[in-house]
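Here the structure is laid out as structure tokens; the discussion comes afterwards.
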Amino acid sequence: MIRAITGTKDILPNDVIKWTYLEQLVKEIFTNFNYKEIRTPIFEETQLFARGIGEETDIVGKEMYTFSDRSGTSLTLKPEMTASVVRAFIEHSLGKLQTLNKLFYISPMFRQEKPQAGRFRQFHQFGAEVLGSDSPLADAEVIIIAYRILVSLGLKDLRVKINSIGIPSARENYKTVLRNYLKDKLPDLTEESKVRFEKNILRIFDSKAENDIKIMQNAPIITDYLDEQSLSDFQVVKEALNSAGIPFEVDPSLVRGLDYYTKTTFEIVSGKVGSQSALCGGGRYDLLINELGGTDTPAVGFAAGIERILLACENENAFTPDDSSIDFYIVVIEKNLDKEAFRLSCLLRENRIITEIDYSARSVKAQMREANKFKAKFVLFIGGDEYKEGCFNIKNMETGDQKKVPINDISSICAMFNK
Ligand code: AMP
């Protein structure tokens with residue numbers, strides 16, 4: 001038997017209800033903040049991610065799905081969205097059309113990570129990219145949006161962590177200080193952290209090894225080495241979050257390993273999803289657009305993982321989206337009226353009334369069972385004495401009330417649904 005690829009999963013109809021609920025909520029909240037949706041291709045030239053995300057990152061170094069197409073071009077399934085959005089922003093000169101571009105997306109992503117609970121190889125993210133503002137209020141805005149979406153889903157066990165990693169020169173100073181601090185502790189670090197010491201020292205903060213964590217707890221903190229502007233911007237972010245009533249904590253170890261981040265970084269974690277606790281993460285990336293060949297454009301964004309958010313919702317018994325019910329179930333009492341019943345079902349559907357009908361000539365009892373299974377609001381009977389009188393009998397499944405409606409009076413049926 002052929003099975004789905006490890007790390008991918010089918011989203012079956014019962015789950016799709018949750019996905020569409022979440023996606024609609026995401027769209028609603030982004031629209032509320034005047035963001036416009038952007039969609040980019042599933043694959044891009046490998047170069048884009050190598051340059052945009054950074055060669056030393058785990059994503060580029062070990063996780064990308066990269067392949068050559070028949071013409072020998074190296075392509076990669078997108079592992080994240082920021083680089084793609086920035087590519088589109090530059091390619092279509094979006095910055096010339098509008099000084100501030102507030103964009104959002106919902107899209108599958110691909111990373112060859114070790115699958116575990118909350119970690120997949122094809123997963124889905126929604127997120128935002130705000131291009132063209134250096135205001136720290138824009139940083140606060142994206143954090144507020146991310147938080148509002150999670151809270152609107154009914155999640156409670158959330159922690160918003162924020163930090164500032166400053167401009168590159170401040171960060172370089174800090175890296176030197178950190179290198180000095182770690183120099184004589186190197187033998188005690190894990191092998192992975194030793195490699196990070198050489199290649200991407202800030203990422204040692206991401207180590208999950210107990211001893212590494214202990215060592216990093218006493219490390220100098222980046223906030224003590226920030227430049228004036230980053231410090232005052234960080235202050236504005238904190239004040240804006242306070243004024244919006246968003247609870248947060250400053251976490252100086254939140255450095256995020258990506259080269260293109262500047263100033264604000266943030267993450268929202270859940271206490272209910274085990275070790276893969278980050279539901280979303282983001283920050284400011286003022287250097288990336290220039291790095292990818294565009295004119296200097298300050299930007300900030302975030303990405304949130306849908307699978308993990310749904311897992312958190314499940315574990316917190318958060319939302320129970322109203323699962324689908326139908327408007328009408330047509331019960332065919334006399335088998336020879338099946339064509340008439342079919343014609344009626346088409347008419348109702350044309351009027352946007354959600355209608356189901358049985359095609360397999362089952363007994364009235366079996367059809368009623370189906371109607372209940374689909375949580376039909378009304379059952380319409382075709383046949384019997386009413387039909388001979390030129391009427392349908394319609395039963396309200398909630399109240400049990402029945403009424404007769406003339407066969408050709410579709411408009412009064414539609415009126416029951418305001419359609
Ligand atoms: P990142 O782009 O790595 O900052 O990730 C942003 C969010 O995407 C994370 O907080 C997760 O919720 C989600 N995410 C990242 N990688 C995966 C993965 N392999 N499987 C499921 N969700 C993921």
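Everything numeric in this text was worked out from a predicted model, so none of it was measured. Computed over heavy atoms, backbone and side chain alike; hydrogens, waters and symmetry mates excluded. Counting starts at 1 for both ligands and their atoms, in listed order.
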Close N or O approach (Ala304, ligand 1; < 3.5 Å): no
Any N/O pair Arg119/ligand 1 closer than 3.5 Å: no
Numbering as shown, the atoms of ligand 1 that approach Gly118 to under 4.0 Å (heavy-atom distance): 20 (N), 21 (C), 22 (N)
Side-chain donor-acceptor contact under 3.5 Å, Gln24 with Glu28: no
Test of proximity, Leu279 against ligand 1: N or O pairs below 3.5 Å: yes
Ligand-side contact atoms (ligand 1) for residue partner Ala303, heavy atom cut-off under 4.0 Å: 6 (C), 7 (C)
Residues in ring-ring contact (aromatic ring centres under 6.0 Å, His included) contact with Phe30, at least two apart in sequence or another chain: Tyr35, Phe104
Any Asp227 side-chain heavy atom under 4.5 Å of Ser169 side chain: no
Close side-chain approach of Thr262 and Pro168, heavy atoms under 4.5 Å: yes
Within 6.0 Å of CD in Glu249, more than 12 heavy atoms from elsewhere: yes
With sequence neighbours excluded, residues passing ring-ring contact (aromatic ring centres under 6.0 Å, His included) with Tyr21: Phe319
Ligand 1 contacted by Glu80 (non-hydrogen, < 4.0 Å): no
Ligand 1 N/O within reach of Glu307 N/O, cut-off under 3.5 Å: no
Enumerated ligand 1 atoms positioned under 4.0 Å from heavy atoms of Glu113: 16 (N), 17 (C), 18 (C), 19 (N)
Atom OH of Tyr181: over 12 foreign heavy atoms under 6.0 Å: yes
Heavy-atom nearest neighbour of atom 18 (C) of ligand 1 within options Phe126, Phe110, Phe123, Phe302: Phe123
For Cys280, the ligand 1 atoms whose distance to one of its heavy atoms is below 4.0 Å: 10 (O)
